[in-house]
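Counting starts at 1 for both ligands and their atoms, following the listed order.
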Amino acid sequence: MVSRIIPVEPFDLVVFGGTGDLARRKILPALFRRFCAGQMENGTRIIGAARTAMDDVEYRAFVAEALIEFNGDHTGCEPGTIKRFQEILSYVTLDAKGDGGWSELAAKMHPGRVRAFYFSVGPSLFGDLALRLHQYGMADHDTRIVVEKPFGRDLDTARALNRSLADHFNENQIYRIDHYLGKETVQNLMAIRFGNMLFEPLWNSQYVDHIQITVAETVGVGGRGEYYDRSGAMRDMVQNHLMQLLCLIAMEPPAVFDPDAVRDEKLKVIRALNPLKPDHVVRGQYLADEEKPGYLEHVENPDSLTESFIAMKLGISNWRWAGTPFYLRSGKRLRARTSEIAVVFKEAPHNIFTEDSGRHRNILTIRLQPNEGIDLDVTIKEPGPGGMRLVDVPLDMTFSEALGPDADAPDAYERLIMDVVRGNQTLFMRGDEVEAAWAWTDPVIAGWEERGDRPIPYDTGSSGPEEALALMHRDGRKWRDIRA
Ligand code: NAD
């Protein structure tokens with residue numbers, strides 16, 4: 001099956017921080033792949049803007065290098081496509097905090113076309129960029145701005161950021177990126193729930209025993225030690241990515257598939273979250289192994305109380321979910337790199353088979369990485385003679401197998417950037433959602449800080465601290481294996 005490419009009108013995209021790590025690794029390769037796919041009409045322009053002094057020729061060479069380094073073995077590009085892509089690139093040396101470069105940038109803008117400004121810089125510059133876009137006449141109603149995480153570190157800072165953007169832009173011009181929402185499977189989650197009759201009637205506490213969300217990484221904090229130590233898994237992963245997944249799993253069907261209708265429903269989920277009880281959360285820090293240092297050495301802070309692992313049990317107080325626990329966990333240096341959501345259904349109300357036929361449950365697993373796809377575990381008779389023995393087998397729908405290699409989906413950044421150009425905010429977080437998520441997270445973090453809670457050490461390559469397993473065992477449940 002060949003995916004349909006719908007070209008978008010020519011647009012101007014300015015990447016503030018166009019020489020930074022995120023631009024090199026994600027944004028520019030994503031733009032290049034959309035260019036290769038034929039989605040950009042003639043006349044589209046991409047303008048890098050950052051403090052580093054460079055001219056257009058140097059920037060084109062810089063981008064070509066990044067594409068070669070980070071575009072992997074991407075196929076489908078004719079020879080010479082990088083050269084053609086370079087022709088749509090230009091660069092402006094500019095200081096977000098001063099006036100240098102801004103007139104030059106303003107002079108480059110084409111009036112009357114969609115223009116997007118990607119703020120790929122630290123959040124401390126968001127307000128300066130918004131103000132200067134306004135001062136230099138680039139903040140008209142066709143302008144969209146894209147902002148990266150972290151969107152604040154608590155409710156107060158998120159509110160301040162929202163205000164600094166709202167001074168010059170309407171909410172429908174602000175695209176807060178959470179790249180998890182751009183994943184094909186995450187959107188499929190909505191298609192599966194709201195496009196099929198099969199699941200929705202079962203999607204509630206009457207039939208669902210519990211839901212597990214796991215986002216596990218094998219890497220440590222890498223070169224982000226200083227930043228990470230001020231953040232931790234709750235701020236870095238739960239408040240945004242896991243919370244967004246939770247919302248999509250738990251929300252009510254919106255009346256229409258419209259950005260605000262979807263986001264209204266997500267917001268209601270966050271507002272219905274119960275406060276997290278201290279004994280419903282386990283925090284950990286990874287230990288060194290023979291090769292790599294542990295968390296404390298990594299962040300060069302032997303007294304650090306920041307968690308590199310978190311597991312929690314959550315409840316949602318509404319009619320659909322009262323009584324169904326949601327277990328979330330995320331951590332670094334775990335056994336495998338995997339992200340998945342598992343909806344574990346209740347056992348059949350009565351077992352008509354013999355006692356030794358075992359206890360069985362349907363599990364719907366939505367895999368975000370690796371091998372994006374969906375499995376449904378169903379119970380069948382084990383083949384062969386010897387009576388009625390039951391076994392659970394997955395009905396596996398790995399998308400690349402089911403839909404063929406040409407269905408190779410655009411990666412999250414490709415999809416999200418094109419959504420910005422098309423003006424579709426469905427997969428972006430609204431300001432009130434972000435604030436509601438912080439409003440839930442803040443008291444939890446404040447409680448740890450007040451008590452001086454020390455995270456529990458765990459082995460590199462494990463599934464996290466034993467206490468996280470116990471969190472489930474206490475309820476007669478168990479986590480799914482963390483495996484690639
Ligand atoms: P980086 O430090 O590698 O790059 C920062 C960019 O901003 C550079 O191009 C720099 O020249 C520019 N810049 C800095 N100060 C400036 C100023 N005063 N005026 C104009 N330009 C200025 O950072 P990064 O890793 O690319 O991250 C950018 C943003 O994206 C940050 O908010 C980060 O938290 C977020 N983010 C990064 C990643 C990632 O993988 N790197 C992932 C998610 C979110």
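- In this structure, H241 and Y180 have parallel ring planes: the angle between them is below the 30° cut-off, well short of the 60° mark.
- Proximity annotation for atom 5 (C) of ligand 1: of G18, S120, G122, S124, S120 comes nearest, heavy atoms only.
- In R51, the parts holding a heavy atom less than 4.0 Å from any atom of ligand 1 are both the side chain and the backbone.
- At under 3.5 Å, a nitrogen or oxygen of V121, whether backbone or side chain, sits near a nitrogen or oxygen of ligand 1.
- Of the polar atoms of K97, none of the N or O atoms is found under 3.5 Å from an N or O of ligand 1, judged by distance alone.
- At a cut-off of 3.5 Å, with distance as the only test, no side-chain donor of S90 or D56 sits close to an acceptor on the other residue.
- Protein heavy atom nearest atom 19 (N) of ligand 1, with residue, atom name and distance: A96 N, 2.8 Å.
- Under the 3.5 Å distance criterion, the side-chain polar atoms of Q173 are matched with a main-chain donor or acceptor of D140.
- Checked by atom type, the side-chain pair R34/Q39 shows a donor-acceptor distance below 3.5 Å.
- Annotation for Y327 and L471: closest pair CE2-O, 4.4 Å, computed over non-hydrogen atoms.
- Ring pair F309/Y286: centre-to-centre distance not below 6.0 Å.
- Here the protein heavy atom with the shortest distance to atom 40 (O) of ligand 1 is R25 NH2, 2.5 Å.
- Evaluated by nearest non-hydrogen atom to atom 38 (C) of ligand 1, the leading choice among T93, V15, T19, L22 is L22.
- Using a 4.0 Å cut-off between a side-chain N of Lys or Arg and a carboxylate O of Asp or Glu, K268 and E252 do not qualify as a salt bridge.
- For atom 9 (O) of ligand 1, the protein comes within 4.0 Å by at least one heavy atom.
- Looking at T52, L94, L125, it is L94 that brings a heavy atom closest to atom 20 (C) of ligand 1.
- Of the polar atoms of A49, none of the N or O atoms is found under 3.5 Å from an N or O of ligand 1, judged by distance alone.
- With a 4.5 Å cut-off on side-chain heavy atoms, R483 and R335 do not count as touching.
- The closest protein non-hydrogen atom to atom 3 (O) of ligand 1 is D21 N, 2.9 Å.
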